[in-house]
Amino acid sequence: MTGTGGDAPAGTRTEGAARAAAVPPELGAVARQTPERIRDAAALVTRGRVFPLNWDLGLPDPPILGRGRHVHTRIDLGNGFDDRLDSFYPQGSSQWDGLAHVRGPDGTYHGGHLAADIETAAGPLGIEHWARRGIAGRFVLADLVRHGRHGGDCSRRVAYTAADVTAALAAQRVDLRPGDILLLHFGWTRWYEGLDRAAREALAAEGFFASPGLAVDPETRQWLRGLELSAVAADCPAVEAMPFDMDGPDTFLHHTLIAELGLAVGELFDLAALADDCARDGVHEGLLTAAPLNLAGAAGSTANALALK
Ligand code: UVW
């Protein structure tokens with residue numbers, strides 16, 4: 001994604017490095033994943049089932065939202081192989097958006113940090129701070145294919161409000177608790193897999209094409225503030241409904257999710273098998289773990305996420 005709107009306050013790279021060295025790393029809302037909550041989430045693993053949430057690294061194909069296609073070279077060593085990835089976008093497929101991904105409408109990043117603070121590999125908002133800690137907690141899956149309004153047809157912009165998600169969770173008889181990781185199943189990855197080449201190319205060419213996702217209305221933002229989640233992840237490209245207006249103060253939910261609340265935001269998670277399993281056994285909660293790339297100063301990472309039930 002390019003062009004998040006707003007002008008960053010001035011600051012040089014050197015000033016930024018000095019300031020960044022002086023401020024402790026920010027975990028944002030991931031700090032809500034306390035040992036007690038992780039222990040309780042682990043107790044939800046009763047069947048020993050593991051659901052990898054990483055989509056094929058080569059999907060979407062062609063890449064969407066301005067990202068490029070990685071080139072995978074297998075290097076023949078004579079006695080085996082190594083790999084090389086060129087033009088690799090860690091946020092091209094299943095991904096975490098880190099705290100440096102989007103700044104707020106006032107031009108500052110989560111915690112009031114300035115652009116100069118994060119233009120350094122030693123900055124307080126890099127994804128490495130989550131990598132060094134790990135992401136782990138109770139997940140709750142809201143199945144908006146089975147309990148929503150779009151029936152898994154992801155070709156239109158359908159905006160899900162707080163009331164919609166709350167109703168789905170009530171129908172599934174599951175609650176949200178502080179520290180949780182909310183998973184939103186819109187059916188986008190499965191829908192995309194059913195598209196032909198021409199339809200996929202049309203999406204890639206369009207930029208911010210239509211997609212279901214969370215609404216950006218005041219009630220939904222207030223609901224998100226009150227939930228005290230640690231993360232929210234979805235199988236659609238932006239968690240929020242697309243298209244959106246990135247430049248308005250109240251029209252881009254990433255402002256609230258990342259810059260204000262400091263949530264770990266997951267996109268293009270492959271939730272299809274997990275959602276099918278939850279529908280089968282009626283259990284929409286479990287343990288989620290993820291190990292973001294330990295890449296200093298990065299704004300995002302491949303998801304590297306597993307759900308366990
Ligand atoms: C948005 O930020 C809207 O999408 P992405 O995280 O894929 O850049």
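We count ligands from 1, going down the list as the structure has it; atoms in each ligand are counted the same way. Note that the numbering runs from 1 along the sequence shown for the chain.
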**Q.** For atom 6 (O) of ligand 1, the option (of E267, Q91, E240, M242) bearing the nearest heavy atom
**A.**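 Comparing heavy atoms across E267, Q91, E240, M242, the nearest one to atom 6 (O) of ligand 1 lies in E267.
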Under 4.0 Å from a heavy atom of [X]: which atoms of ligand 1 are those, numbered in the order shown and with their elements?
X    : value
Q95  : 6 (O), 7 (O)
P237 : 7 (O)
H254 : 1 (C), 2 (O), 3 (C), 6 (O)
A238 : 3 (C)
F244 : 3 (C)
D97  : 6 (O)

Q. Has R67 got any heavy atom lying under 4.0 angstrom from an atom of ligand 1?
A. yes
Q.
Is the shortest side-chain heavy-atom distance between Y89 and H70 below 4.5 Å?
A.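 No, every pair of side-chain atoms sits at 4.5 Å or beyond.
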Q. Taking heavy atoms and a distance under 4.0 Å, where does H101 meet ligand 1: side chain, backbone, both or neither?
A.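 The answer is the side chain.
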Q. Are F269 and W188 close enough that their ring centres sit under 6.0 Å apart?
A.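 So the answer is no for these two rings.
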Q: Take the angle between the ring planes of H254 and F244 and call it parallel below 30°, perpendicular above 60°, tilted in between.
A: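 H254 and F244: tilted rings.
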Q) Do the rings of F186 and H150 sit parallel, tilted or perpendicular, given the 30° and 60° boundaries? A)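 Rings of F186 and H150: tilted, 30 to 60°.
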Q | Pair R69 + D61: basic N to acidic O under 4.0 Å | A | yes
Q.
Quick test of your reading of the model: are K309 and D281 salt-bridged, counting only N-O distances below 4.0 Å?
A. yes
**Q.** Side-chain donor-acceptor pair present, H284, D143, cut-off under 3.5 Å
**A.**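 H284 vs D143: no donor-acceptor pair found between side chains.
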